[in-house]
Number of protein chains: 2
Amino acid sequence: MATIRDVAKKAGVSVTTVSRALNGYSDVNEKTRERIKQIAQELSYSPNLLARSLVMKKTKTIGLLVSGLRIEGSKDNFTFEVLCGVNDCAGELGYELVLISTDSKKQQEKTYKQLCKERKVEGVILQGIKTDDPYLDEVLNSEIACILIDVPMESDSVGYVTTDNIAGAKTAVEHLTKLGHRNIGMVNGHSQAFVSQERLEGYKKALGKNGIRFNENYVVDGAFLEETAEQVTTNLLQKHPEITALFCASDLMAMGAIRAAKQLGKNLPDNLSIVGFDNIILSSYCTPSLSTVAQNRYQLGVEATVLLTNILEGKTAEKSKVLPTEFIKRESTTENHG
Amino acid sequence: MATIRDVAKKAGVSVTTVSRALNGYSDVNEKTRERIKQIAQELSYSPNLLARSLVMKKTKTIGLLVSGLRIEGSKDNFTFEVLCGVNDCAGELGYELVLISTDSKKQQEKTYKQLCKERKVEGVILQGIKTDDPYLDEVLNSEIACILIDVPMESDSVGYVTTDNIAGAKTAVEHLTKLGHRNIGMVNGHSQAFVSQERLEGYKKALGKNGIRFNENYVVDGAFLEETAEQVTTNLLQKHPEITALFCASDLMAMGAIRAAKQLGKNLPDNLSIVGFDNIILSSYCTPSLSTVAQNRYQLGVEATVLLTNILEGKTAEKSKVLPTEFIKRESTTENHG
DNA sequence: TTGAAAGCGCTAACAT
DNA sequence: ATGTTAGCGCTTTCAA
């Protein structure tokens, strides 16, 4: 591989001049620049980014730190779609992307700082972290630029992007109240997830606004897992046969709820209306297809990248962004037939 | 950030000694080593991998080069699951992973070599490349270590992993013949894809083995797209109403085929049996659920990483691997009721 | 407009 | 067992 010295030698100039010529500095003769460019091309020279980064102390690299990158993520594609957004946007803004994945095991060995410093990322986008994760404190107390996905916390160097979960949940539940449902259960994720807290709040708000008393027995946690959701839904529906509609905090859990309801001999949607959250691909293919609250995961990745690079480049801009949701009506909801 | 010099100074030794101590060389006093380790910890020193790589000319980094990383990939999750496999395996083997994505636009600007050299990856796993992609020649003629996914080509520095598409397709079609089907159509991908060529071969073999003449009019290309598959399937079934079963080269296309058949008023699976390929998540959720040939995409990523690191570490091992498939019977296939 | 020299943080001969 | 020195490929003062 040709180095800057090879180019310099062949061009009969110093490496300094080559560096300046190739990096577009103005204080270099245009003729020299052209000659150098020509020669660089001939030698198919491309700069060693390692060396450059070492001296400039800039890597133009951001990390996508995923806590729990697992194949199970295929089902909702959250990580993948965020990744696509980050990747596209980073590429456009001239940043490299490195993927850093951790799990609780790895976290024992390496601190958040180490993970980031070692790989020389200038900033990091953090996905999949829970509110009780020890990393979270580290993140907030570190000077490393970071954008959190779905964890609304800020500091000097930390911002976040998330979806308007409260409004989304509220819309979903109000869709059900408009259909005449009064006994509306909720299958939530888990209390360590901010999105769960927010979706619960939206649920409560919608009830309140429609004069329905909140009944804590109507809310169960499905751990964001299909199987768990199936079990807890079965229990919920058995204990409370008066429930005519269900709001699930994720589509995947809604799949579990659908199975549970079918298993109990319920006719969907006539005996039970179900609304999900996410608009994952499955939701339009399952039977009945799922009414849901769509969130734009790709855009989440894009916005995270924009916010992060803003911080990195010292732009004084908002450090957080909340994306809107869109309600999508499909077959799984219908009027309350009592 | 503390450097090796800070540690050396505080420990009252030379940087060389620190380097040796921390990298586990034997020619260093155990007491000194312990003291240095202690101090490194105190200063929360972690080595600058950039500097190390620069001098060692080793980055311990592999690239996953994805041609066409797009959100549409969510539907089959191929890329994501391969990524998970690569990521897990690379982590285990002590390699960093950088994601490199290209598209035809980008390929105009940068050659394959440039892309790899610039990012200083030691080797690369290439996913999503077509047989008519100009990169392919570059790859084969370059000295960069590379594992191709689903493109069976080898050279000194190039190997591949793929699934046994021929056997998989053969099994799928024989499943249909066993059910009494004789007029079996095929919805293939496109001729630039190796997997398509192989799945077609498997289809032909199964027919031949069962004494069924190959009819080229029974084979159409659906471009691996759901919509295209729907269109071509509609045409195929209209022109050849005698067809009682369909083998689709991907589950996604099978989804399109299912829609086409339903649209034509066919009762599934009684009027038409459909087999897919891939075992994507959707295939177990759609109606009717899809009989299909499962391929292990995660394992594809794992094996690719193993093969690549073998090459990088100079191990003399096989440079290719073909993974088996598994046939999965679901609701979309049944006996030929003629 | 150009070049010489220093140095980014690290490893690796080659001493000692 | 430890230190000295050189150098990886690049950018950036400072001088000319």
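Scope of the values below: all heavy atoms of this structure, side chains included, with no hydrogens, waters or symmetry mates.
- Checked against D:dT11, C:dT11, C:dT2, the side chain of A:Arg20 finds its nearest nucleotide in C:dT2.
- Comparing B:Val15 and A:Tyr45 by the nucleotide of DNA chain D whose heavy atom lies nearest to each, the residue mapping closer to the 5' end is B:Val15.
- In this model, the phosphate group of C:dT2 is not approached by any side-chain N or O of A:Thr17 to a distance below 4.0 Å at OP1 or OP2.
- In this structure, the side chain of A:Arg20 does not engage the main chain of A:Asp27 through any donor-acceptor pair within 3.5 Å.
- Note: NZ (B:Lys58) to P (D:dC8) measures 18 Å, nearest angstrom.
- When the P atom of D:dG7 is taken as reference, atom CD1 of B:Ile4 falls 19 Å away, rounded to whole Å.
- Checked by atom type and distance alone, the side chain of B:Ser44 never pairs as donor or acceptor with a backbone atom of B:Gln41 at under 3.5 Å.
- Here D:dC10 presents its C1' atom at 12 Å from CG of A:Leu22, a figure rounded to the nearest Å.
- In terms of phosphate contacts, B:Arg5 brings no side-chain nitrogen or oxygen within less than 4.0 Å of OP1 or OP2 of C:dG9.
- Counting to the nearest Å, the P atom of C:dT11 and the CE atom of B:Met56 are 6 Å from each other.
- Listed candidates were D:dT11, C:dG9, D:dG9. Nearest to the side chain of A:Asn48 is D:dG9.
- Ranking D:dT11, D:dG3, C:dG3 by closeness to the B:Ser14 side chain, first place goes to D:dG3.
- Defined by atom type and a distance below 3.5 Å, a donor-acceptor pair is present between the side-chain atoms of B:Gln127 and B:Thr79.
- Counting atom types as modelled, B:Thr32 pairs no side-chain N or O with a base atom of D:dT2 as donor and acceptor under 3.5 Å.
- Side chain of A:Thr59 to main chain of A:Lys120: a donor-acceptor pair is present (N/O by atom type, distance under 3.5 Å, no hydrogens or angles).
- Remark: the backbone N or O of A:Lys58 is paired with a side-chain donor or acceptor of A:Ser53 at under 3.5 angstrom.
- Between A:Glu30 atom CD and C:dT2 atom P there is a gap of 10 Å when expressed in whole angstrom units.
- Other residues, nucleotides and ligands contribute over 12 non-hydrogen atoms within 6.0 Å of the CD atom of A:Glu72.
- Phosphate proximity of D:dT12 to A:Tyr25: present, with a side-chain N or O under 4.0 Å from OP1 or OP2.
- Note on A:Asp27: a base of the nucleic acid sits closer than 4.0 angstrom, heavy atoms only.
- A:Asn29 comes within 4.0 angstrom of the backbone, heavy atoms only, and of no base.
- If you take CG of B:Leu54 and P of D:dG9, they are 7 Å apart, rounded to a whole angstrom.
- As rounded to whole Å, 10 Å separates atom C1' of C:dC10 from atom CG of B:Asn23.
- No hydrogens or angles were tested; on distance alone, a donor-acceptor pair under 3.5 Å links the side chain of B:Thr16 to the base of C:dA12.
- Per the geometry, CG belonging to B:Leu50 stands 11 Å off C1' belonging to D:dC10, to the nearest Å.
- Dashed line: the shortest gap from a side-chain N or O of A:Lys57 to OP1 or OP2 of C:dG9 is under 4.0 Å.
- Out of D:dG9, D:dT13, C:dT11, the shortest distance to the side chain of B:Arg52 is found at C:dT11.
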